[in-house]
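These notes concern the structure reproduced below.
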Amino acid sequence: MPILPKRKVKISPPAETAAGLKSIQTVAYRIWEETHIGKGVKTLFKLNQPNGFDCPSCAWPDPDADKVSKIAEYCENGAKAVAWEGSSKSIDNSFFEQNSIENLLEKSDHWLEKQGRLTRPMVLKEKDTHYTPITWKAAFELIAAELNALDTPDQAIFYTSGRTSNEAAFLYQCFVRQFGTNNLPDCSNMCHEASGKALTDTVGIGKASVVLNDIPKADLLIVMGQNPGTNAPRMLTAMEELKNKGGKIISVNPLPETGLLQFRHPQKPWEWIGKPTSIHDLHLQVKVNGDLPLLKALLKMLLEAEKQNPGKVFDHAFISEKTTGYQALCAHIEKCKLDQLILESGVPENQIKEAANLLIEKKNIIIAWAMGITQHRNAENTIREIVNILLLKGAIGKPGAGTLPVRGHSNVQGDRTMGIWEKMPERFMQRLGKAFDFQPPKKEGVHAVGAIQAMANGKGKVFMGMGGNFALAAPDTEKVFDGLKQCSLTLHVSTKLNRSHLIHGKTALILPCLGRTEEDISSHGSQFVSTEDTAGRVRMSHGDLPPASPELKSEVAIVCDMARAVLGKNNTTDWEGMKENYELIRDKIEEVIPGFDAYNERVKKAGGFYLPNGARERDFNTADKKARLTINPLNKARNPETPFILMTVRSHDQFNTTIYGYDDRYRGISNSREVVMMNEDDMLQYGCKAGDLVRLTSVFEGEKRVLEGFQVVPYNISQGCLSVYFPEGNVLVALDNNSEESHCPASKYIEVFLEKLDNESNR
Ligand SMILES: Nc1nc2c(c(=O)[nH]1)N[C@H]1C(S)=C(S)[C@@H](COP(=O)(O)OP(=O)(O)OC[C@H]3O[C@@H](n4cnc5c(=O)[nH]c(N)nc54)[C@H](O)[C@@H]3O)O[C@H]1N2
Ligand SMILES: Nc1nc2c(c(=O)[nH]1)N[C@H]1C(S)=C(S)[C@@H](COP(=O)(O)OP(=O)(O)OC[C@H]3O[C@@H](n4cnc5c(=O)[nH]c(N)nc54)[C@H](O)[C@@H]3O)O[C@H]1N2
Ligand SMILES: [Mo]
C-alpha cells in the first residue's frame, strides 16, 4: 500500500507582514462561520474589557483599565477562540448514537472539535461501543465508587489544563488533597515548568518580573524561542510601541517568524495601507538549542568589553549589593572557548557581535522567551544564563527591564498560584490544612511525565482531566494511549469533544462544562471568576452569553458536587455554600494564599490587582535574599550519528491540540499539517523536492519511534534542523526525553533520521 498524506500540502512564500487587514478578514470569517454573527460580535466587544471576560486564548496581559481600547482589545486568535467556544453547533444525543468510538477514532482532531459544544454528561461503560447519556448524579456516584475503591489515593491522577479559573482550580486542588494525593500534574509541566524552576533558583520567583507597561520603556527587547505573531499577537502592539520610542528588538529563532519581521496594527485601520512597522532590528538564526552557547558567547563578549572599559558595561553597584556568584561566573566565562560557542550556536560571529554591542550599550533590557527555550533537556541552564545577562546589566527590578517568560494558556499561571502543582511548598500546605481542617498529604505527586509512567506501570488507575486534551498534548503518543487504556476510569471536564475522550479506560466519563464566555448563574445570582495573566495581574472574568446547554455545569459546581460525593457526609468543607457563592471561595483563597488580601473587593475594580512580585522590587526571595549568578554547564553532546534535530511548533490556525483549520498563513503552508519544514541545502543533499514524502525516525536510548508520509516543505530553517507541527509530532518525543531538572518534555529537541520514501507520489 502506498503511503499517502491525508491532505496534500499547498506551499506559498511566507508572509512578510503580520496582522493587518488579513487578520481582520480571518476573524470576520471565523465568527461568521462558527457563530451566528450577532452573538459573535456582541461577545467580541466584551473581550478583555474591564467588565467583560478574560480572553480564553493566551495569557498575554491586558492594558491598564484606562488604556483599554473601548472597541477591540483582542487579536485574531482571541476572536477565533471565542468563536470556537461560542459555536452555534452542539453535540446532541443522536450524535453519539450514530458515532461509535471506533468511527470517531477515524476522524481528524479538527473534525472532532468542529462538531460543536458538548451538552450533557456521557458515560462509556465497560465493553460499550458508544457513549450514552448519564445523569450528573449518577456520574458523581460512579466517580465516588471508583475513587473510593482504590487501594490508595495515589492511584488517581488529576490533570489540569490552563483555562481553569482561579476559583475552580483552588477548589479542585483542595478536593484532590482532601481525597489524599498530590497527584496534580498540569499543562505547565509540559510548558513553562523550566522557567519556574530556573527563575525561582536565581531571582526567587518563578514568574515574569515585568508588566505590560515596561515593554515600551525598554531600550532593548530580546525575543527568544517565541513566535508572538502567532501565539501572543497582542505582544506585537507592545513591541510596536517600543519601536516607536526608539527601542531595539533582537529575535533569536531557527525560523524567521513573520510576526518578528513586520507588523500592521490590526486595530488601527489607518495603518493598513502604507509601510508596516518593521519589528526586529536583528535576527539571530540559531540552531535548535543553540541558545545556551549563544548566550555564553554574548557573555564572553560583554566580559571582554567590561575589561576594556571597566564599569561601562556591567552594573557593579547592583552586582555587589544584590547578587552572589560574580567572580565565579567571570572565571567560568573566561574559560569557555569563543570559537566553540559560536559554532554550537549556529549564528555568524559578526551577528553575535552586533547583538553584544546592543547589550553593551543598552541598560533597560527585557528578555522574553517561550517554548523554544523551555522545551529542551537543558532548558533550566539556558534560562539561568538569560538571568545572568540581565543581572550583570542590572536589568531587573526597574522600569523597562527584566524577565518575561511569556505564558501560554490564559490562566496557567493562576492555576499554579492556586496550588495546582505536584509539590506545593510546605507553607502553602500548612495554610491549606488549617483553612479546611485536614492533614494535606506529604508525599510528592506525579508531574505530567510521571503520570504517564504511573499509568503505564499500573500504578495510576484513574485519570481525570480538568480541561485539556492530555492524550494528544502529552509526549510519546503511543505510551500515553497505552497508559490511558489501562486505567479503570478516565474522565474529562470539557467543552469540546477531543481525542482524550476516545482513548479511554475501562469506564469513561465526559463532564461538559460552561466556557469562559458564558453566564454562570447560581441560586445567589450571576457569578464571576478570576484569572492571573503573565504579568501577575488578577482580574475578574464575567461571561454573559447564554450557556450552550441548560445541562452544563460550571467547573466550580462540578468540583463541589464531585467532592461531596467522593468525600462523603462527614466532610466539613462547605462545598454547597461555595458552589452557590464564589465570594466564599475567594475568602478561602485569601486565607490560604498571600497577596490576595481583600480579594473580593479588589478583583471587582477595573483592571484588578497585581500580586506581590519580589523580583520586580529587587527583593529577591532566595535563601540569602540575593539574586544568584550561576554557572551553567554547556549542552551535553548529542548522538553524532543522528543528522537532524527536530522541533515541534504551533501553526497559525490552532490553539494547542485544537485545530481551527489547515492554514498556517504566516508560513505559507496550507491544506495540510502533515509536513516537515526543511532547509533547501539539506533537501538537495537528501534528493528531496517540495511535497516529497519522507519518514522521520527518532532514536532515544535505543528505542525507535516513527512518523511516516510527511511532506517536505522547503523552508528558511537552520541547516540540520527540521520542524513539524505539534501535536502531530508528539509520537516522536520519547517520554524520557525531558528536561533534567523539571521534566518538561523536550518537544523542541528530538534527534531524528530522515528518509525519502520510495513512493508513487515521489516520482
Ligand atoms: N494561536 C495560538 N496561540 C497560542 C497557542 C497556540 O497553540 N495557538 N498556545 C499557547 C500556549 S499553551 C503556549 S505555551 C504559547 C506557545 O508560544 P510559542 O512558544 O511561541 O510556541 P511554539 O510554536 O511552540 O514555538 C516556539 C518558537 O520557538 C522556536 N524554537 C524552537 N526551537 C527553538 C530553539 O531551540 N531555540 C530558539 N531560540 N527558538 C526555538 C520556534 O521556531 C517557534 O517560533 O502560545 C500560547 N498561545
Ligand atoms: N510536541 C509538543 N507537545 C506539546 C507542546 C509542544 O510545543 N510540542 N506544548 C505543550 C504545551 S506548552 C501545553 S500548554 C500543552 C497543552 O495541553 P492541554 O492544555 O492539555 O491541551 P489543549 O489543546 O489546550 O486542550 C484543549 C481542550 O480543552 C478543552 N477546553 C477548552 N476550553 C475549556 C474550558 O474552558 N474548560 C474546560 N474544562 N475545558 C476546556 C476542550 O475540550 C479542548 O478540546 O501541550 C504541550 N504539548
Ligand atoms: Mo503552554
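Because the structure is predicted, anything quoted here is derived from the model rather than measured. As the structure lists them, so they are numbered: ligands from 1, and atoms in each ligand from 1. Below, each value reflects all heavy atoms present in this structure, side chains not excepted, and no hydrogens, waters or symmetry copies.
Listed by atom number, the atoms of ligand 1 under 4.0 Å from D291 heavy atoms are 34 (C), 35 (O), 36 (N), 37 (C), 38 (N). Taking every non-hydrogen atom of Q226 and a distance limit under 4.0 Å, the qualifying atoms of ligand 1 come out as 20 (O), 27 (C), 28 (O). Taking every heavy atom of G225 and a limit of under 4.0 angstrom, the matching atoms of ligand 1 come to 19 (O), 26 (C), 27 (C), 28 (O), 37 (C), 38 (N), 39 (N), 40 (C). Listed by atom number, the atoms of ligand 1 under 4.0 Å from T230 heavy atoms are 1 (N), 2 (C), 3 (N). Within ligand 1, counting atoms from 1 as listed, the ones closer than 4.0 Å to a heavy atom of V288 are 35 (O). Less than 4.0 angstrom separates some heavy atom of N289 from each of these atoms of ligand 1: 34 (C), 35 (O). Distances below 4.0 Å separate heavy atoms of P254 from the following atoms of ligand 1: 30 (N), 33 (C), 37 (C), 39 (N), 40 (C).
Checked against the 6.0 Å centroid criterion, the rings of F655 and H409 qualify as a close aromatic pair.
In terms of polar-atom proximity, H376 is counted as a contact of ligand 1, with an N or O under 3.5 Å from an N or O of the ligand. Taking distance alone, with nitrogen or oxygen atoms compared against 3.5 Å, V252 approaches ligand 1 more closely than that limit. For ligand 1, the polar-atom distance check against E257 finds a nitrogen or oxygen pair separated by under 3.5 Å.
Within the structure, the closest approach of A232 to ligand 1 does not fall below 4.0 Å when heavy atoms are considered.
Side-chain contact of S742 with E380: a donor-acceptor pair under 3.5 Å is present, judged by distance alone. Y582 and D520 form a side-chain donor-acceptor contact under 3.5 Å, judged by distance and modelled atom types alone.
Side chain of T477 to main chain of V731: a donor-acceptor pair is present (N/O by atom type, distance under 3.5 Å, no hydrogens or angles). Here the side chain of Y172 pairs a donor or acceptor atom with the backbone of Y159 at under 3.5 angstrom.
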Item to check | Derivation of the salt bridge (Lys or Arg N to Asp or Glu O under 4.0 Å) call for K296 and E344 | outcome: CA-CA 11 Å; K296 282 200 191 288; E344 285 182 21; over 6 Å; no
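Protein residues having a heavy atom under 4.0 Å from any atom of ligand 2 are E113, Y159, S161, R163, C187, M190, C191, M371, Q375, H409, G467, G468, N469, A473, V493, S494, T495, K496, N498, C513, E555, T648, R650, F655, N656, T657, T658, F726, N730, S747, K748, listed by chain and number.
In this view, F481 satisfies the ring-ring contact (aromatic ring centres under 6.0 Å, His included) rule with no residue, not counting sequence neighbours. Under the rule for a side chain to side chain donor-acceptor pair (under 3.5 Å), the partners of N381 that lie at least two apart in sequence or sit in another chain are R384. Legend: residues meeting side chain to side chain donor-acceptor pair (under 3.5 Å) with T531, ordered by chain and number and at least two apart, are D54.
The existence of a salt bridge linking E113 and K80 is excluded, since no basic side-chain nitrogen approaches an acidic carboxylate oxygen closer than 4.0 Å. The pair E193-R416 meets the salt-bridge criterion, since a charged nitrogen lies less than 4.0 angstrom from a carboxylate oxygen.
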